[in-house]
Amino acid sequence: MASPKKAKPRARRPSLLRRAMLHSCVCFLAGLVAGLAPASRWTATASTAATAHVFRALHAVDGAINQTVLLLQQQQRPDDAAEPHSPPPPEPLRQPQLLLVVTATERSDPERRAAGLTRAAHALRLVPPPVLWLVVEPARDARATARLLRSAGVSYRHLTYAENFTAGEAEKERHHQRNAALGHVEEHRLAGVVLFAGLGDVYDLRFFDQLRQIRTFGAWPVATVSERERKATVEGPVCGGAPWKVTGWFSMAATSSASSAPTVRARPPPGAVDVRGFAFGSAVLWDPKRWDCFPVSEPDASQVR
């Protein structure tokens, strides 16, 4: 009898390929899990031994630095009983005082007013901040001045009033304008140095640096030039003593040909002191202790006084 035929074995896939695919899948899953896990967990586990070595090294270096510093101190100070001198503390930075420049337009024609305001704006633009320009004028002339002030390049406040004054009340209107500016400073508590600057005044830029040194009251000589008479008059206080105080008043006139000797008086003549010759700290308007009188906002009190 013939023997039955043997079955052929099935073809099997190479085991090497299966192992490689399995290994790749395991590595992919491990990398995915490592990427999703927080980094601090792995870092803390991996760097524990390295951190210990770093701390040991830093401790050794710190000890060596302390010994070196101690040796240098002993060399610089041979006398152990001498105490080290501590350096003086740095002075705190103080912000410059605010300059409150008050300009009363007075009674003048529009061309002269515009020329004076333009010149004052160019001068104040060169003064280091902080500077606040207070321009006071009647409401009927405010539109043209407002356009000029918007392009002046200086921080300003435009103050107007509705009262009408006649041609013979020019001096009264001038006082009213200055009082309006002082009332605005007092109402809004604008702390700084108040300076009355006229439309025709000319200043040196170094003058504004000296103004910021004033705490309560300051005065200086004022020169008045008369074009018609070709004469210049200088009037101002005589200061002396320590601390500085006003001890008298002097006046001196000079013409194109000669100049007179200065005349010194104990008191200035009536009407000789102009508001452009002094400045004061604005806090005296609302602080009675500094001005030694009642605040100007009280009844029967006047800023002209």
Side-chain angles (χ1 to χ4, degrees), residues 90-106 120-121 123-137 149 152 154-161 174-199 201 203-222 236-247 249 267-268 272-305:
E91 296 183 358
L93 297 177
R94 295 188 303 177
Q95 184 179 5
Q97 284 202 91
L98 172 65
L99 294 182
L100 301 169
V101 183
V102 178
T103 298
T105 58
E106 304 175 1
L124 294 177
R125 196 183 302 170
L126 301 176
V127 180
V131 178
L132 182 60
W133 191 18
L134 304 177
V135 180
V136 191
E137 66 176 349
L149 293 177
V154 183
S155 298
Y156 71 92
R157 293 191 182 182
H158 192 193
L159 309 178
T160 60
Y161 55 92
R174 190 179 300 115
H175 290 321
H176 179 77
Q177 290 181 347
R178 293 165 180 165
N179 286 336
L182 294 179
H184 182 83
V185 172
E186 179 186 3
E187 179 182 359
H188 296 278
R189 295 294 194 268
L190 301 178
V193 180
V194 179
L195 169 69
F196 295 99
L199 291 177
D201 296 347
Y203 299 99
D204 191 323
L205 291 180
R206 294 172 294 181
F207 170 74
F208 295 97
D209 295 334
Q210 296 296 325
L211 280 180
R212 288 196 163 97
Q213 307 302 322
I214 296 176
R215 292 295 178 266
T216 303
F217 185 85
W220 54 86
V222 177
V238 178
C239 301
W244 292 100
K245 61 180 180 179
V246 178
T247 59
W249 188 265
R267 287 176 172 270
V273 181
D274 192 86
V275 293
R276 292 170 293 185
F278 65 87
F280 61 92
S282 61
V284 301
L285 295 175
W286 58 80
D287 190 355
K289 296 180 180 180
R290 300 189 63 178
W291 196 245
D292 196 21
C293 69
F294 292 102
V296 295
S297 58
E298 295 291 335
D300 299 331
S302 174
Q303 292 155 345
V304 179
R305 174 184 174 187

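In this text the structure is predicted, and so the values were computed from the model without any measurement. The figures that follow rest on heavy atoms only: side chains count, while hydrogens, waters and symmetry mates do not.
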Closest non-hydrogen atom pair, [X] against [Y]:
X	Y	result
P237	P221	CD-N, 4.0 Å
I214	A279	CD1-CB, 4.0 Å
A104	Q177	CB-OE1, 3.0 Å
T105	E137	OG1-CB, 3.1 Å
R267	W249	C-CB, 4.1 Å

CZ of R189: more than 12 outside heavy atoms within 6.0 angstrom?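 Buried by this count: over 12 neighbours within 6.0 Å.
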
Any donor-acceptor pair under 3.5 Å linking the side chain of [X] with the backbone of [Y]?
X	Y	result
R215	G281	no
Q97	R212	yes
S282	G192	yes

Got [X] and [Y] here, is their nearest side-chain heavy-atom distance under 4.5 Å?
X	Y	answer
D274	V222	no
V275	V102	no
F196	D201	no
R178	V136	no
L182	V194	yes
L211	Y203	no

For the pair F217 and F278, name the ring-plane relationship: parallel under 30°, tilted 30 to 60°, perpendicular over 60°.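 F217 vs F278 ring planes: parallel.
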
List, one per line, each side-chain donor-acceptor pair under 3.5 Å for residues 126-133, sequence neighbours excluded.
from, atom 1, to, atom 2, distance (Å)
W133, NE1, T103, OG1, 2.9

OG-CG distance between S155 and L149, expressed to the nearest 0.5 angstrom: 11.5 Å

